[in-house]
Colleague: 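Before I ask anything, here is the structure I am working with.
Here is how names work: the chains are called A, B, and so on, in the same order as the sequence lines, proteins then strands, and each is numbered from 1.
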Amino acid sequence: MKSQGLSKKERIKSKKEFQRVYSEGNTLFSPRNSIKAIYLIVDDKSNPGIRVAFAVHKKAGKAVWRNRMKRLLRETYRLNKNLVLPKVVDSGKRLFLVFSPNSLNEKDNKKIHLNEVMPEVLSILNKLAAQF
RNA sequence: AAGUCAAGUUGGGCAAUUGCUACAAAAGGUUAGUAUUCUUGAGUAGAGGAAAGUCCGAACUCCAGAGAACGCGGUGCCGGGUAACACCCGGGGACCGGUGACGCAAGUUACCGGUUACGGAAAGUGCCACAGAAAAUGAACCGCCCCGGUUUUCGGGGUAAGGGUGAAAAGGCAGGGUAAGAGCCUACCGCUUCUAUAGUAAUGUAGGAGGUCCUUUUAAUAAGGAGUAUUCGACAUGAGAAUAUCAGGGCAAACCACACCGGGAGCAAGGUCAAGCAGGAGGAUUACCGGCAUGUGCCGGUUCAAAAUUGUUCGUUUUGUAUGCCUCCGGGUAGACCGCUUAAGUCUUUCAGUAAUGAAAGAUUGAGAUAAAUAAUUGCCGUCCCGUUUUCGGGAUACAGAAUUCGGCUUAUAGACUUGGCAAUCAG
RNA sequence: GGCGCAUUCGUCUAGCGGUUUAGGACACCGCCCUCUCAAGGCGGAGAUCACGGGUUCGAAUCCCGUAUGCGCUA
């Protein structure tokens, strides 16, 4: 597996998995409340790993802005997933993870850049890594 | 060269690294195997003019349906284009603007440009607040005129020229006429209609006809009759009947009548395969003997199978479950696949047409995702702004993201380019 | 993705094209009542009828477009 890739198999795809994460998972917020992450840890020794998704609610902005937000979140996770992934695999568990913008929206932040999103996501990943 | 208006085109470029989606050469694992399946993956391709709003029109799919009508909805100057349209093109009318000419002026006319939901108000129904005498069965408040009483004033009648109200007041204006007035009469304009002509048509242009005549009444616009026109009737003619013979204000984005169009729902349409759960059918559940009982099971013995004990065998002990097991069936959930991108396609040339558009020939294949790819970072260049003014630094670079597919409309949009009109300024 | 509906004082709503720059209830403000509060009574303020065009003499109402909100649909 490539160290910086992010293929379809590492994504949450089905509606059932999403519903399980939203109903049973816990929520983490970034330092400036701009990003939130909902996560769920399950024992799965046969197939450990991380499954991730990026969701932006419709009131945050128009389609162009929502697409850009998801791409930035995905890019940040892709570059930094090795902070968490080896620990999760070693402990024999499976981690479901959904990233969403919390206070960010198109009205206040029309032109958003990667260096505004990166530190927020990094702090969330560090908090998660401390749990293994 | 700058300004403004209109029409059209375009919608930043190049490179590096790391990634994503689709197709996929090839390599490796699995295997009897170039089935299958898993891993890696060179290379190629990867948002728009509006992809948007979902406002119209279609293709396609399912449902309903002999056909037609009613109902409901839509469209509405004329002609053409189109698969179709509420779209497009051309023409006409109306309204608005600009320029020129004529004119003292109001205005008229020619050219250019723009806007236009622009059929019917004489089939019928309805509405027109307030004000005003009266808002439609054709009207008398003030005023004007006549008559009677009476001379402060009142009553009866005539009159739509003037005043006043209103968004809108009963064709306009001039002359004649009159007691005063009035299409009451006449000219011009308007309106209706006929003919000719241009045109496929809407419509334009030219010409004609239409505001009757007689009687009663002081006088008539009132009443009656005649003539004329149309329709019915009759048909060899004619008699006869009805309607009309210059208003009948506006509203149909009020109901409506007329002409034409439309069956309904929508790719989350619909189809194929199909775990699990539930349902139906069938089968197996060792064999034999004895007893009870006979729906079907239970008990005991021998045998059989599995497990435990033991190094192994014998032996011994336990178990042999029926709400469970196996096979098949139809419908079908999760899920997967098809629909899904070669089509009213795109580009070029020629021809036909004022144009929209059509025809022919040649070339070409340019996204196909599904919690949903088309990205991130950096460098250089282009455009714009600010500071500094060789240079350089900083910032900005619109509107906006495919979701079955097309044709339109509407809305959003920084900048750049092309063509034409207008105005008449600056420089040479 | 597709289909449908709505928008009127701070909130919930009524409203024949005209006497309506819009009525009512709750909430708000002032006064009365009460020892005080509540309840009750009287009075007041508060709406560019979501926005932009059009039809009409006249539009919250009819028509068209835009914006926002909501519902249905596997």
Colleague: Please state how far atom CZ in A:R78 lies from atom C1' in B:rU377, giving the value in whole angstrom units.
Modeller: 10 Å
Colleague: Between B:rC128 and B:rA168, how many Å separate the two C1' atoms, rounded to a whole number?
Modeller: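 The answer is 10 Å between these two C1' atoms.
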Colleague: Using the P atom in both, what is the distance from B:rG71 to B:rA83, to the nearest Å?
Modeller: 35 Å
Colleague: Hey, does A:R66 reach any base, or is it just sugar-phosphate, or nothing, if we go heavy atoms under 4.0 Å?
Modeller: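 Answer is nothing: A:R66 stays at 4.0 Å or more from every strand.
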Colleague: Considering all heavy atoms of both residues, which atom of A:Y22 and which atom of A:V98 are nearest to each other, and what is their separation?
Modeller: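 Looking at all heavy atoms of both residues, the closest pair is OH-CG1, 3.6 Å.
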Colleague: Please determine, for B:rA15, whether a Watson-Crick or G-U wobble partner exists with both distances under 3.5 Å, and give it or none.
Modeller: B:rU378
Colleague: If I compare all heavy atoms of A:S34 with all of A:E120, which pair ends up nearest, and what's the gap?
Modeller: OG-OE1, 2.7 Å
Colleague: Identify whether the glycosidic angle of B:rG183 places it syn (within 90° of 0) or anti.
Modeller: syn
Colleague: Checking base pairs now: Watson-Crick or wobble, both atom distances under 3.5 Å. What partners B:rA355?
Modeller: none
Colleague: Rounded to whole Å, how long is the line connecting atom OH of A:Y77 with atom P of B:rG19?
Modeller: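 So the two atoms are 15 Å apart, to the nearest Å.
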Colleague: Tell me the closest heavy-atom pair linking A:R66 and A:G61, and the distance in Å.
Modeller: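 Result for this residue pair: NH1-O, 3.0 Å.
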Colleague: How does protein reach along nucleotides 368-373 of chain B, written 5' to 3' as B (base within reach of a heavy atom under 4.0 Å), S (only sugar-phosphate), or - (no contact)?
Modeller: -SSBSS
Colleague: With rounding to the nearest 0.5 Å, note down the distance linking CD1 in A:I41 to CD in A:E24.
Modeller: 13.0 Å
Colleague: With sequence neighbours left out, what residues match A:V42 under side-chain contact (heavy atoms from CB on, under 4.5 Å)?
Modeller: A:R20, A:L40, A:F96
Colleague: Looking only at side-chain atoms of A:K16, point me to the closest of B:rA400, B:rU377, B:rA334.
Modeller: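 Closest nucleotide among those given: B:rA334.
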Colleague: Within a strict 4.5 Å, meaning less than it, do heavy atoms of the A:L128 and A:L83 side chains meet?
Modeller: no
Colleague: Determine which nucleotide pairs with B:rG57, using a 3.5 Å limit on both distances of a Watson-Crick or G-U wobble pair.
Modeller: B:rC406
Colleague: Name the residue closer to the 5' end of RNA chain B, choosing between A:E75 and A:W65 according to the nucleotide with the nearest heavy atom.
Modeller: A:E75
Colleague: Nearest 0.5 Å please: distance from the CZ atom of A:F29 over to the CG atom of A:N102.
Modeller: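 Rounded to the nearest 0.5 Å, the CZ-CG separation comes to 5.0 Å.
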Colleague: Taking the same atom, P, in B:rG73 and in C:rC62, what whole-Å distance lies between them?
Modeller: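 Rounded to whole Å, the distance is 15 Å.
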Colleague: Should the ring pair A:F99 and A:F54 be called parallel, tilted or perpendicular, given that the plane angle runs from 0 to 90° and is split at 30 and 60?
Modeller: parallel
Colleague: Please give, in whole Å, the distance from B:rU413 P to A:K62 NZ?
Modeller: 11 Å
Colleague: Using the P atoms only, state how far C:rC16 lies from C:rA60, rounded to an integer number of Å.
Modeller: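 Going atom to atom, P in each nucleotide, I get 14 Å.
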Colleague: In terms of base orientation, is B:rA367 syn or anti, with the syn window spanning 90° either side of 0?
Modeller: anti
Colleague: Roughly how many Å apart are B:rG120 and B:rA69, using the C1' atom of each and rounding to a whole number?
Modeller: 25 Å
Colleague: How far, in whole Å, is B:rC63 from B:rA7 if one measures between their C1' atoms?
Modeller: 49 Å
Colleague: Return the nucleotide paired to B:rG240: Watson-Crick means purine N1 to pyrimidine N3 with N6-O4 or O6-N4, wobble means G-U with N1-O2 and O6-N3, both under 3.5 Å.
Modeller: B:rC232
Colleague: Tell me which nucleotide among B:rA400, C:rG1, B:rA376 gets nearest to the side chain of A:L114.
Modeller: B:rA376
Colleague: Using whole Å, report how far CG of A:L79 lies from P of B:rA375.
Modeller: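 That distance rounds to 16 Å.
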Colleague: Would you mind reporting whether A:K81 and A:L125 have side-chain heavy atoms less than 4.5 Å apart?
Modeller: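 A:L125 does not reach A:K81 side chain to side chain.
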Colleague: From NZ of A:K58 over to P of C:rG69, roughly how many Å is that when rounded to an integer?
Modeller: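 Taking atom P of C:rG69 as the reference, NZ of A:K58 is at 11 Å.
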Colleague: For nucleotides B:rG401 and B:rA412, find the distance between their C1' atoms and express it as a whole number of Å.
Modeller: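 Looking at atom C1' only, B:rG401 and B:rA412 are 15 Å apart.
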Colleague: Rounded to the nearest angstrom, tell me the gap between atom CG in A:N80 and atom P in B:rG19.
Modeller: 14 Å
Colleague: Partner lookup for C:rG58, please. Criteria are Watson-Crick or G-U wobble with both distances under 3.5 angstrom; report none if nothing qualifies.
Modeller: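 Pairing partner: none.
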Colleague: Going by a 90° cut-off around 0, is B:rG379 syn or anti?
Modeller: anti
Colleague: Counting only Watson-Crick pairs (N1-N3 plus N6-O4 or O6-N4) and G-U wobbles (N1-O2, O6-N3), all under 3.5 Å, who is the partner of B:rA110?
Modeller: B:rU99
Colleague: Does B:rA167 have a Watson-Crick or wobble partner in any strand here, with both distances under 3.5 angstrom, and which is it?
Modeller: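 Base partner found: none.
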Colleague: Kindly label the base of B:rA293 as syn or anti, based on whether its glycosidic torsion lies within 90° of 0.
Modeller: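 B:rA293: anti glycosidic orientation.
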Colleague: Paired with B:rG207: which nucleotide, if any, by Watson-Crick or G-U wobble criteria at under 3.5 Å for both distances?
Modeller: B:rC194
Colleague: In terms of base orientation, is B:rU349 syn or anti, with the syn window spanning 90° either side of 0?
Modeller: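 Because its glycosidic torsion lies more than 90° from 0, B:rU349 adopts the anti conformation.
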Colleague: Around atom NZ of A:K87, are there more than 12 heavy atoms of other residues, nucleotides or ligands at under 6.0 Å?
Modeller: no
Colleague: How far does the C1' atom of B:rC130 sit from the matching atom of C:rG58, given to the nearest Å?
Modeller: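 Per the computed distance, 12 Å lies between those C1' atoms.
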